[in-house]
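Below is one structure; the comments refer to it alone.
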Amino acid sequence: MVVPVRVGYAKQRQVRLLRAAELAGDGRVDSGPAVVMVDRGVELRPLGGSGRPASLGRASARLAAAMSVTILVGGQWGDEGKGKVIDLLADRVDMVVRSQGGNNAGHTVVAQGKEYKFHLIPSGILNPSTVCVIGHGVVVDPKVFLAEVDNLHAQGISTANLLISERAHMVMPYHPELDRLGEVQRGDDRLGTTARGVGPAYEDKVRRIGFRIGDLQKPVFMEKKLRFVLRLKNEALTKLYDAPPFDEKAILDEYLGYAERLHGMIRDIHPLIRDAVASGDRILLEGAQGVMLDIDLGTYPYVTSSAPTAGGACTGSGIPPSRIDKTVGVFKAYTTRVGYGPFPSELTDSLGEWIREVGAEFGTTTGRARRVGWFDAAVARYAVDTNGIDSMVLTKVDVLDEVPTLRICTGYEWRGEYWDHPMANISHLKHCEPVYEEMPGWMAPTRDCREYDQLPAACRGYIERVAELSGAEVDVVSVGPDREHTLVRRQLL
Ligand code: IMP
């Protein structure tokens, strides 16, 4: 059966197959009902299937997709516990797409008593039927990526459903070194980067001298381009930083070695994503870091080099904003930040130290102690407003169990003026006075609560005030590291 669909512009775009045929998991062409596109009565011939991985199953022939794309963003300065939420949702979605960042990110997921650490691979990989995609906007260090793959295999986790966009850029061996040397050169003004080379990799992407994962499949091109790029890099290394140069052949051998291992995972993911969206598959776009580390919206220059926002999730995956159904923001019940830069509600006293210890606030990636502060509702509101957050997840509520009096920052005062959002001028943000609201703590353990209503009244009062001040509902509350510690008031998906 053929269902014709009229599309005027279709001819110009060469491939105009929506659902003429689907590749079944074993490569066979499925003979189910077909939808072909026609242009002024002429049937357009399909050029091929989308190469959907087996676990994505058969897509429906619906054209108007039920919107089912959810974005997950960090609402603060990263480390809000997004990994835990992704893990929780992974078995409710068909696909998880990581959209930006690199192995500067890191999260630990505890599932069935086992601990897994992730830097690049979406934690959705723990669910065997979820397709995990590393999107265009990510920068991939192939060495780190393959080590993560090996580690998963050693723990008995399959990576058969793991794909990397051909368009994703790579971290090259000189990037971490340039990251480190750049920080040294900045001296007191250093940013406190993770030194994983992520910033320099994005610099090269924008300067249009970056290497994309797909380049690994073009050794001649790779060699020619590396000769040119390495001249620039070695000049900077030797003349600017007085550091040793990198060897072209060593890099080429190393990276072409990775090419072999990555071969089966590298894909032009556009058809896969397009078809998944058109079919109404449930897709989760996983952001790394947080809104306040966004290159445009964050506390520049104390930010990361990508866009960890809902907008970045769209460009980093190729899914248009009009297809986004929901944006979920993950927030900690207090605030943390790693690295330098303004942090108005920071606690530099013994209470801050205590929260750091109880909350185990040490980085998954670098092990650095995180700076700790009160929940900043001005930051949260800004995150809600700039990302269209519909639903909040509040994590680590249990860490505040024994704090007698809690504070929430509601805005800032700077030279007699009140600001209800983080100001663009980071010097003002650094020197402003946070305005606080005080609330009684609940002084009772929350770890054993399994329903929202079992939380102490003062705890619920705190959560509801956070929601009110932030401008979105808190739909999920987390009171511990395991899945069972997640209290769902309203399903996110
Ligand atoms: P970069 O992303 O390594 O260049 O670091 C820039 C800033 O972003 C530094 O302050 C880092 O500590 C911070 N950062 C980068 N990734 C993360 C993350 O996953 N969680 C928290 N902070 C991060």
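Counting starts at 1 for both ligands and their atoms, in listed order.
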T304 and its side chain to side chain donor-acceptor pair (under 3.5 Å) partner, picked from D294, T193, N104: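 One option only clears the test, and that one is N104.
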Test of ring centre spacing under 6.0 Å for Y462 and W442: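 Yes.
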Lys/Arg-Asp/Glu bridge criterion (N-O < 4.0 Å) met for R190, E183: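 So R190 does not pair with E183 through a salt bridge.
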V139 versus L120, closest heavy-atom pair with distance: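 Residues V139 and L120, closest heavy atoms: O-CD2, 3.8 Å.
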Least distance between heavy atoms, M423 atom then H428 atom: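 Reported closest heavy-atom pair: CG-CB, 3.9 Å.
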From CA spacing to verdict: side-chain hydrogen bond (donor to acceptor under 3.5 Å, both in side chains), D376, T335: CA-CA 7 Å; D376 187 334; T335 312; over 6 Å; no
Within the 4.0 Å heavy-atom sphere of ligand 1, strictly under, residues: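 Ligand 1 is contacted, at a heavy-atom distance under 4.0 Å, by W77, D79, N104, A105, L191, G192, T193, T194, Q289, L293, V303, T304, V338, G339, R368.
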